[in-house]
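Remarks on the structure that follows.
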Amino acid sequence: MGVNVNAASVLNRLLHNNTPKPSKTLLPTNAKSLTNSIVADLNSGHLRKAVSVLFNSPIPFPFSLYARLFQLCSSKHAIVEARKVESHLVSFSPTPPIFLLNRAIETYGKCGCLEDARELFDEMPQRDGGSWNAIITAYAQGGCAEKALCLFLCMNRLGVSGNEITFASALGSCGAVLALVLSRQIHGLIVKCGLSGNVILESSLVDVYGKCRVMSDARRMFYEIQKPNAVSWNVIVRRYLDMGQEREAVFMFFEMVRVNVKPLCFTVSNSLVACSRISAVKEGIQIHGLIIKTNIEEYEVVLSSLMDMYVKCRDLENARRIFDMPRSKNLINWTAMVSGYAIDGRTREARELFNEMPERNVISWNAMLVGYIRFFQWEEALDFVFLMRKQSKDIDYVTLGLILNVCTGLWDVELGKQVHGFSYRHGFYSNLFVGNALLDMYGKCGNLISARVWFYQMSHWRDRVSWNALLTSHARHGLSEEAMTIFWEMQGETTPSKYTFGTLLAACANIFALEPGRQIHGFMMRNGYEIDVVIRGALVDMYSKCRCLEYAIKVFKEATSRDLILWNSMVLGCCHNKRGEDVLELFGLMEKEGVKPDHITLQGILLACICEGRVELGRQYFNSMSTKFCIIPRLEHYECMIELFGRYGFMDELEDFVKTMPFEPTVQMLTKVFDACREHRHLKLGEWAANRLNEI
DNA sequence: CTAGGGTTAG
């Protein structure tokens, strides 16, 4: 084993006049001083020196010393030293105790050397339960869940019974590979072994059920825990968050606080993430208060999540206040702040902050780019992409998807094709995010052939989003029949979403296709899809455009809640069917329900006045727009007034109106005025309009 | 002695 008898030990032996043969007789004096020296090294943290002394002494040492050496090797991840300690142990102790070999396995595991751990485990002449625990835990923590579970099953087959340690490790591995059936079996074993009250095992069960997406069981398990500790609460909050049940996650967090369990930093940060996902700013502020009260502000992660909560809830002032605090200007917070301004449309401020960043990564670049795209600033977006390519080597799938969005916005299929090629060459070929953006680009730019070809090439990894993109691109280009065909085809591969239905109904409305529209409505009813306010608006729109106003009204009346957009769909639907009186009646109901009208509603009102010939009423509404409804009249409102006065021969009012408008009349307006003058024989205004038209 | 949860930005 390469252990030399060194000079010091020889001298020692001579001085004490011992016979140099059996090392056992040497032990008391010689070993004692060596042990002391090793212990001294260990106490001062000199692991290498301690091991080297041990390695150079060809004598056995007390087992407790080996145990301590393994312990230190574990915490320092010192694999070389661990191997030396083990080889020394097996060389000089003819039958090393099992527990020490178990320690060795654990140490190898902690050092990440699973091969060493397994080799030792296989070579052990005898094993106990601890040996199994050691190797299973080593695999579980080393990311080899399958191997851990394999050994766990093997152990059970051999009749070795597990304890709480075994089950905890096995459950951890079950969670990693989503082994639900095995988890339930282990649950049974835990009950059988009388370990039901063990809070660690119970929390692990909550965790594993949640990871396998069986929240009902996770929840039941959680409520079975007599005294859930901070980890148990953390698990249940995290599982709800991962399941997209943010309300439940936040609720559990406050429950935890209510029963006086001090939340961990992770739990606080997870709860804040839950708040930001559902824009629960009120709850977020409460958590903020709690953070201050419990003094966990100095934790970087807590503060970052808090800041992001404010960003996501669009409370940029509070986010900025945290960002401006002394120690909080790190890369993550900086990016979050840039993103906050960017998604709020304040792209100039976002860019200023971005330019000041001392360091950036791909996420920072993407955050800024998202802002330009969200607010249709395509030229700025494109310049920014070029700058990014010049200044940074970073590019990932999000960047590529965003660049494709820019191509879509600029209608630049050539650039899009270049991105396609780039993705192919750089291993993003089968990335779904990129793939769907590519599909969207081809489709929205009207290149339906390429869209279909790419869609076909994606057939092994496409998802529902891909189907929706293909469908939308056909619907948007007036190919409603094809869109319907795609809709029926997609059933064989995936299920439609509300986006699917929204697109399809809009497609039907655009070409006044009643029959397919009714089919979709029927499909949704038969299959129990929720008719939310958006879909309801699309249905109202479709039915009214297809001249089935009674159906539209029926759908409208069935709504449990109505937002402004739904009201507007109904108002415009009535306009479209020349039912001016109904519009005016609807407007009354709308005011009664306390829904504030917007510029579209008022356009509907004016259109209704036009078709009913209510000139005076129309004028009243127009005049009260900015004073009563706080809506600045737009071009289309002025057009309505010109139509209203012109059609019913109110020529003096018309003259007064066009000449006092705060902007120059458009060609369309002048033409309308001219036509009205001709019909109602109003020479003076007619000449004026003709002259203005000639000047343009 | 060995076991559970797990971190913020696009």
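These numbers come from a predicted model, not from an experiment. Quick note: numbers below take in every heavy atom, side chains included, and nothing from hydrogens, waters or symmetry partners.
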Going by side-chain hydrogen bond (donor to acceptor under 3.5 Å, both in side chains), name the pairs with one or both residues in residues 175-186 of chain A, residues two or more places apart or in two chains. A:Arg184-A:Asp217

Look at all strands and tell whether A:Asn333 reaches a base, only sugar-phosphate, or nothing, counting heavy atoms closer than 4.0 Å. nothing

Does A:Asn133 contact B:dA3 through a side-chain donor or acceptor facing the base, at a distance under 3.5 Å? no

For B:dG4, does the base pair up with any side-chain atom of A:Ser204 as donor and acceptor (N or O, under 3.5 Å, distance only)? no

Partners of A:His46 by ring-ring contact (aromatic ring centres under 6.0 Å, His included), sequence neighbours excluded? none

What is the distance, rounded to the nearest whole Å, between atom CG of A:Leu241 and atom C1' of B:dT8? 13 Å

Minimum side-chain heavy-atom gap A:Phe61-A:Ile38 below 4.5 Å: yes

Can you tell me the distance, in whole Å, between the CE atom of A:Met307 and the C1' atom of B:dT8? 10 Å

If you take atom types as modelled and just measure distance, does the side chain of A:Asn330 reach the base of B:dA9 with a donor-acceptor pair under 3.5 Å? no

Base B:dG4 to side chain A:Asn229, donor-acceptor N/O within 3.5 Å cut-off: yes

Sugar-phosphate, base or nothing in reach of A:Leu402, heavy atoms under 4.0 Å: nothing

For A:Val235, answer base if it contacts any base atom (sugar-phosphate contacts may also be present), sugar-phosphate if it contacts only those atoms, and nothing otherwise; contact means non-hydrogen atoms under 4.0 Å. sugar-phosphate

Under 4.0 Å, counting only non-hydrogen atoms across every strand here, what does A:Ser203 touch: a base, just sugar-phosphate, or nothing? base

Can you check whether A:Trp132 and A:Phe152 have ring centres sitting under 6.0 Å from each other? no

Who pairs with A:Tyr499 by ring-ring contact (aromatic ring centres under 6.0 Å, His included), at least two apart in sequence or on another chain? none

DNA chain B-proximal residues of residues 153-189 of chain A, any heavy atom under 4.0 Å: A:Glu164, A:Ile165, A:Ala168

Is the A:His88 to A:Phe92 ring centre distance short of 6.0 Å? yes

Roughly, in whole Å, what's the span from CD1 in A:Ile200 to P in B:dT2? 11 Å

Side-chain donor/acceptor pairs under 3.5 Å, residues 165-178 of chain A, sequence neighbours excluded:
from, atom 1, to, atom 2, distance (Å)
A:Thr166, OG1, A:Asn133, OD1, 2.6
A:Thr166, OG1, A:Asn163, N, 2.9
A:Thr166, OG1, A:Asn163, O, 3.3
A:Thr166, OG1, A:Asn163, OD1, 2.9
A:Ser169, OG, A:Thr137, OG1, 3.0
A:Ser173, OG, A:Ser169, O, 3.4

Would you call the rings of A:Tyr209 and A:His187 parallel, tilted or perpendicular, taking 30° and 60° as the class edges? tilted

With a 4.0 Å heavy-atom cut-off, tell me which residues in residues 242-256 of chain A come close to DNA chain B, sorted by residue number. none

Quick check for you: to the nearest 0.5 Å, what is the distance between A:Ser74 atom OG and A:Leu69 atom CG? 11.0 Å

With sequence neighbours left out, write down each residue that passes ring-ring contact (aromatic ring centres under 6.0 Å, His included) with A:Phe266, or none if nothing qualifies. none

Taking DNA chain B as the partner, which of residues 102-115 of chain A come within under 4.0 angstrom of it by heavy atom? A:Arg103, A:Lys110

Looking at every strand, decide which applies to A:Arg239 at a 4.0 Å heavy-atom threshold: base, sugar-phosphate, or nothing. sugar-phosphate

Please, which pairs that meet side-chain hydrogen bond (donor to acceptor under 3.5 Å, both in side chains) have at least one residue in residues 290-299 of chain A, sequence neighbours excluded? none

Indicate, with a heavy-atom threshold strictly under 4.0 Å, whether A:Asp308 touches base, sugar-phosphate, or nothing. sugar-phosphate

What pairs with A:Tyr372 under ring-ring contact (aromatic ring centres under 6.0 Å, His included), at least two apart in sequence or on another chain? A:Phe384

Heavy atoms under 4.0 Å, any strand shown: does A:Val199 hit a base, just sugar-phosphate, or nothing? base

If a pair satisfies side-chain hydrogen bond (donor to acceptor under 3.5 Å, both in side chains) and one of its residues is in residues 191-203 of chain A, list it, with sequence neighbours excluded. A:Ser203-A:Ser232

Please give me every residue in residues 211-218 of chain A whose heavy atoms get under 4.0 Å of an atom in DNA chain B, ordered by residue number. A:Lys211

